[in-house]
Peer 1: 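So that we are looking at the same thing, I have put the structure below in structure tokens.
Index from 1, following the sequence. Counting convention: from 1, in listed order, for ligands and their atoms alike.
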Amino acid sequence: MPDPAIETRGLTKRFGSITAVDRLDLAVHRGEVFGFLGPNGAGKTTTIRLLLGFINPTAGSSLVFGRPGADPAARRRIGYLPADLAFDPRYTTSDLIDFFGSLRGGYDHPFTAALLERFALDPSRPIGDLSTGNRRKVGIVQAFMHRPDLYILDEPTSGLDPLLQQEFQRLVREEVARGATVFLSSHVLPEVEALASRVGILRRGRLVTVAAIDELRRKARQRIDIYTAGPPPRGLFEQLPGVRTVSYHDSGVHLVVEGAVDAVIKAAAGLTVERIHTPGQDLEDLFLEYYQGGGA
Ligand SMILES: Nc1ncnc2c1ncn2[C@@H]1O[C@H](COP(=O)(O)OP(=O)(O)OP(=O)(O)O)[C@@H](O)[C@H]1O
């Protein structure tokens with residue numbers, strides 16, 4: 001087995017009395033998109049700064065492809081998109097590309113030219129003149145231009161409009177198809193759901209769960225609204241496996257079901273069903289439960 005893309009052992013960072021990251025044990029496998037979630041102040045950015053070797057841990061360790069993140073050989077294989085882009089406003093995008101290119105010992109020129117076009121960025125404009133969204137695009141270009149093996153993305157689409165968010169997701173999928181690994185820290189839960197195969201949820205510096213998205217999906221509650229010809233008989237759904245809440249009305253029933261909906265669908269088959277509405281199986285509620293200290 002090759003080394004994981006990212007591995008941390010007992011990784012801990014304290015700032016005075018605050019424990020920002022608390023004994024984190026994590027392995028991000030090569031080729032996966034790992035979603036890193038948690039409420040504000042949970043310690044996500046601090047974890048990323050530790051991974052990259054920008055700050056030293058109070059205890060424990062972290063490795064990127066088997067090396068410390070600060071090691072130039074590891075660093076060259078990483079594309080990092082920070083949450084706060086602090087570029088000198090006088091630089092143009094071209095200047096930055098040259099700068100990061102030389103720092104990394106080269107970059108993929110045709111790919112970078114295609115990225116500029118794809119995100120409609122004029123490389124000759126000073127960064128200081130760009131809108132927030134355009135600055136974010138510059139961040140994306142600098143993170144992707146050398147086609148690294150590992151992307152560490154901190155809130156990558158904040159400030160991007162929905163079309164550009166989709167374009168960004170396409171780009172990430174293409175890079176993953178090429179074999180890249182992605183560590184995606186984000187508050188945009190649908191984005192994490194769309195891209196990640198596993199997620200880790202951090203709360204007050206501690207990893208409260210690591211799970212495959214599919215596993216979470218199986219656990220997540222779904223709302224099912226069944227509309228029937230006439231009022232459905234009371235008591236039909238209450239005892240079925242997975243059913244958490246039932247509310248009847250004259251033309252149907254609203255249900256909340258945890259896990260498989262098979263029993264509900266089979267029971268509904270005995271009624272004259274005119275329409276079924278499932279407002280989407282959204283992992284958001286489940287994520288929020290973990291954020292707040294619940295979770296299965
Ligand atoms: N340099 C620092 N000095 C002191 N405290 C810090 C420092 N950096 C982070 N912290 C504290 O560590 C905790 C974790 O912060 P961090 O920025 O890692 O959280 P986060 O999960 O990235 O939050 P957000 O989602 O808001 O970006 C917070 O309580 C924060 O105030």
Peer 1: So which residues, sorted by chain and number, lie with a heavy atom under 4.0 Å of ligand 1?
Peer 2: Phe15, Ile18, Ala20, Pro39, Asn40, Gly41, Ala42, Gly43, Lys44, Thr45, Thr46, His187
Peer 1: Judged by atom type as modelled, is there a donor-acceptor pair below 3.5 Å linking the side chain of Thr12 to the main-chain atoms of Arg23?
Peer 2: yes
Peer 1: Apart from Leu63 itself, which Ile, Leu, Val, Met, Phe, Trp or Tyr residues share its cluster (side-chain heavy atoms under 4.5 Å, direct or through members)?
Peer 2: none
Peer 1: Would you mind listing the cluster partners of Val243? Hydrophobic ones only (ILVMFWY), side-chain contacts under 4.5 Å, chaining allowed.
Peer 2: Ile224, Ile226, Leu236, Phe237, Leu240, Val246, Tyr248, Val253, Leu255, Val257, Val261, Val264, Ile265, Leu271, Val273, Ile276
Peer 1: Any donor-acceptor pair under 3.5 Å linking the side chain of Thr92 with the backbone of Pro126?
Peer 2: no
Peer 1: In a table with atom names and distances, give each donor-acceptor pair under 3.5 Å that connects a side chain of residues 99-111 to protein atoms at least two apart or in another chain.
Peer 2:
| from | atom 1 | to | atom 2 | distance (Å) |
| --- | --- | --- | --- | --- |
| Ser102 | OG | Asp98 | O | 3.3 |
| Ser102 | OG | Phe99 | O | 2.9 |
| Arg104 | NH1 | Gln142 | O | 2.7 |
| Arg104 | NH1 | His146 | ND1 | 3.1 |
| Arg104 | NH2 | Gln142 | O | 3.2 |
| Arg104 | NH2 | Gln142 | OE1 | 3.1 |
| Tyr107 | OH | His109 | ND1 | 3.4 |
| Asp108 | OD1 | Phe111 | N | 3.0 |

Peer 1: Decide yes or no for His187 and Asn40: does some side-chain heavy atom of the first lie under 4.5 Å from some side-chain heavy atom of the second?
Peer 2: yes
